**Student:** 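I have a structure I would like to understand better, so I am pasting it below and will then ask my questions one at a time.
Values in this document were obtained by computation on a predicted structure and should not be read as measured data.
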Number of protein chains: 2
Amino acid sequence: MLDATSSYKIMDAAPLPVDDRTGRRIVPETTRRADRIAATRYGNRPTMKDVAARAGVGLKTVSRVVNGEPGVTPETERRVQEAIDALGFRRNDSARVLRKGRTASIGLVLEDLADPFYGPLSRAVEEVARANGALLINGSSAEDPDREQELVLALCARRVDGLVVIPAGDNHRYLEPELKAGVATVFVDRPAGQIDADVVLSDNYGGARDGVAHLIAHGHRRIGFIGDMPRIHTAAERLRGYRAAMEDAGIPVEEKWMSLGVTDPERVRRAAEEMLSGPDPVTAVFAGNNRVTVTVVRVLAEHARRVALVGFDDIELADLLQPGVTVVAQDAAALGRTAAERLFRQLDGTLVTPERIELPTRLITRGSGELPPAD
Amino acid sequence: MLDATSSYKIMDAAPLPVDDRTGRRIVPETTRRADRIAATRYGNRPTMKDVAARAGVGLKTVSRVVNGEPGVTPETERRVQEAIDALGFRRNDSARVLRKGRTASIGLVLEDLADPFYGPLSRAVEEVARANGALLINGSSAEDPDREQELVLALCARRVDGLVVIPAGDNHRYLEPELKAGVATVFVDRPAGQIDADVVLSDNYGGARDGVAHLIAHGHRRIGFIGDMPRIHTAAERLRGYRAAMEDAGIPVEEKWMSLGVTDPERVRRAAEEMLSGPDPVTAVFAGNNRVTVTVVRVLAEHARRVALVGFDDIELADLLQPGVTVVAQDAAALGRTAAERLFRQLDGTLVTPERIELPTRLITRGSGELPPAD
DNA sequence: CCCGCATCTGACAACGTTGTCCAGGCTCTA
DNA sequence: TAGAGCCTGGACAACGTTGTCAGATGCGGG
């Protein structure tokens, strides 16, 4: 699908006209080179050769000027620069890459660029890339493992120097040849599956445990957990944190208090309403991520009974709601920055052994988590 | 800065060891090719040549298999595929690009990927790119014209097939050679400066006018406008809309009601507090974009007096605040989608003449805009 | 049995750049 | 004034791929 052959017309050579009598293709009178250009190039950009011709110098001299290499007299340099400006020449980095072996670009595969959690993360990666002279190619996996693989491999085909991946799938064996070939790789937010790779995580377990413990400390015992699909590492870890906090407090967890699944509003809404109704409704909810929190806030706003809430991930304006939403905040930008920095250290050669880095989370109390149980 | 020469080591040929006595460089015994590989390639990826050798076929046959071209017997194909898997071969798209002339990638230059307005826009562009078999390279200009130019030109050097640009600067003459060379280009959110190019905008003028008229309709006459820097097209247009609405209502605008500048919280906060104090404070505020709205909401929450508010751009959870925030919503995803689609139609050749497309905005009333003036 | 044709395969050049190496001209010194 | 050494510039190959074209092989028909 992402294969360039299936793309908008990668313009193939124009079919040659055919001689009616012989059935043979007629090679036009134009020189072969001009012909090829007309056929495959639509823009016909000037090359160093053109610049050299116009400036009356050798090819390599142009290259020297373009790359600021020494050994060119000011006068020659002026002539070359003039030709460059006149022709609107711009170096073709594809050719350069082919020659040099590095692309000075890195790839970032995440779930959804539109998610407010990934925007800052992506931006942070970009800033680090920029500081290291590299460009960033993004792709959204839409939480689909196949799409993740497709994207990652497409990026490898582009010969990105490194990859920052927020994995959707749980098997990354397919990356082995690439890793072996020297593609630097760092996983973020969730660990890689079945391969040994660098990974930068938030302390999902600890954060969730603290958040739930916070609710328990405020007197809650019937606490609901609404999270993402259990196959997603962060969701599983946060659930584990929830269970741990409950166990620490000696509260037996009931099955109906936990709901894992896709985070679209309908599902979350149903889950929340279920927990909030019935004979022994929960008095507090722990929301497993920003998407869930937003929907739960909506549901609670419609509810008469005051229900406590702690959410994982900070959300904008959380402080202005009534009550303010208490959250376990993770620092998306720090995740991205840390991952990208490790990536470039891999590229330096400074970093060799894969490591697992865990960044702390921070409980931000704003009111919703401090509501007492209203039975 | 983005020039690859200044990047993390684009590994140059390793400096040859020098003979102490003669001062000459010693060329090692190893073959030239092996030497080169060790020096410039860190990964030494297999190429089609290697695959061909291993499979015992010709180079072109491998190419045929890799690209799914016809004319290869199943048996040959099997052998080739086996070699590919065994070696972990992956086609080098840089070389492919060099040969074919198109990169199947497009560039997106925007202000800040971390801004919740640009996330969805970027994602929409990505989806269209994906549907057309292209990858997306993003860059954030951070609202700096130089950085915008640097990014755009770096993307052109990578030979992206097209560019979607949210301009930071107001002079895009520098793009002329690129346009002439056939780089498809669409500007979004703000028009290009000094060149004739496709552009997709929201109806900033009309949206702001409607929003302000809405406040006027609810009895306000002293209405403040807090917006972005006036050199930014959207800011200027929205201010124009504000003025128009006021003029339509026959309300003379006072200088102190208008504040344009950077949208960081401190500046906006000062501006808002100024308007809200003094002898004739404003009774309503029109916030020029999402950043401004968020800060103004905060300021108003601290204020005793009820002040009406309409903001440009929708913001998450705006409906859950007390009162809900009335906004003039623009559809960021639609902007991105429309722009990207036009881009690919340019690449098709379907589209030739530059056009200016304006997407409508939508007033969403939620309460804050319907508060009566509290003098 | 051989020719013609179709099918499959491979040699080769070209894409635009950069690294290597050599040539020519200059300056400087003996 | 000649030789040595330096500086500048250019010819050439190579990066890994794809398009062209021609050669090889196999098969059927005359």
**Student:** In whole angstroms, how far is the P atom of D/dA14 from the CG atom of A/Leu98?
**Tutor:**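 Going from A/Leu98 (CG) to D/dA14 (P), I get 14 Å.
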**Student:** Please determine whether a side-chain nitrogen or oxygen atom of A/Arg91 lies at a distance below 4.0 Å from atom OP1 or OP2 of C/dT18.
**Tutor:**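 Answer is yes, contact under 4.0 Å.
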**Student:** Would you tabulate the pairs of protein nitrogen or oxygen atoms and nucleotide nitrogen or oxygen atoms of nucleotides 9-11 of chain C closer than 3.5 angstrom?
**Tutor:**
residue	atom	partner	partner atom	Å
C/dT9	OP1	B/Thr73	OG1	2.9
C/dT9	OP1	B/Thr76	OG1	2.3
C/dT9	OP2	B/Gly71	O	3.4
C/dT9	OP2	B/Thr73	N	3.1
C/dG10	OP1	B/Gly58	N	3.2
C/dG10	OP2	B/Gly58	N	2.5
C/dG10	OP2	B/Thr61	OG1	2.7
C/dG10	O5'	B/Gly58	N	3.4
C/dG10	N7	B/Arg64	NH2	2.7
C/dG10	O6	B/Arg64	NH2	3.4

**Student:** Using whole Å, report how far CG of B/Asp50 lies from P of D/dC15.
**Tutor:**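 In whole Å, D/dC15 P and B/Asp50 CG are 10 Å from each other.
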**Student:** B/Thr47 has a side chain; which of C/dG19, D/dT17, D/dG19 sits nearest to it?
**Tutor:** D/dT17
**Student:** Between atom CE in A/Met48 and atom P in C/dA14, what is the gap in whole Å?
**Tutor:** 20 Å
**Student:** Measure across A/Glu77 and A/Val72 and return the closest heavy-atom pair with its distance rounded to 0.1 Å.
**Tutor:** N-CG1, 3.7 Å
**Student:** Does the side chain of B/Phe187 come within less than 4.5 Å of B/Asp198's, by heavy atoms?
**Tutor:**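 A side-chain contact under 4.5 Å is absent here.
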**Student:** Rounding to an integer number of Å, can you tell me how far B/Arg96 CZ sits from C/dT17 P?
**Tutor:**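 Result: 20 Å.
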**Student:** Between atom CZ in B/Arg158 and atom P in C/dC15, what is the gap in whole Å?
**Tutor:** 23 Å
**Student:** Roughly, in whole Å, what's the span from CG in B/Asn67 to P in D/dG16?
**Tutor:**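 Going from CG in B/Asn67 over to P in D/dG16 covers 17 Å.
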**Student:** Has B/Thr103 got a side-chain atom pairing as donor or acceptor with B/Arg159's backbone, closer than 3.5 angstrom?
**Tutor:**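 Yes, because the side chain of B/Thr103 sits within donor-acceptor range (under 3.5 Å) of the backbone of B/Arg159.
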**Student:** Could you walk me through whether A/Glu148 and A/Tyr174 pass the side chain to side chain donor-acceptor pair (under 3.5 Å) check?
**Tutor:** CA-CA 11 Å; A/Glu148 172 209 304; A/Tyr174 70 87; 2.5 Å; yes
**Student:** Quick one: pull up CD1 in A/Ile137 and CD1 in A/Ile106 and give me the separation to the nearest 0.5 Å.
**Tutor:**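 With rounding to 0.5 Å, CD1 (A/Ile137) is 9.5 Å from CD1 (A/Ile106).
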**Student:** With nearest nucleotides of DNA chain C determined for B/Pro74 and A/Pro46 from heavy-atom distances, which residue corresponds to the more 5′ nucleotide?
**Tutor:** B/Pro74
**Student:** Nearest-Å distance, NZ (A/Lys49) to C1' (D/dA11)?
**Tutor:**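 Rounded to whole Å, this separation is 12 Å.
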**Student:** Using atom CZ of B/Arg99 as one end and atom C1' of C/dT17 as the other, report the distance to the nearest whole Å.
**Tutor:** 15 Å
**Student:** Can you sort out the partners of B/Ser141 under side-chain hydrogen bond (donor to acceptor under 3.5 Å, both in side chains), two or more places apart, ordered by chain and number?
**Tutor:** none
**Student:** Do A/Asn67 and A/Arg91 have side-chain N/O donor and acceptor atoms under 3.5 Å apart?
**Tutor:** yes
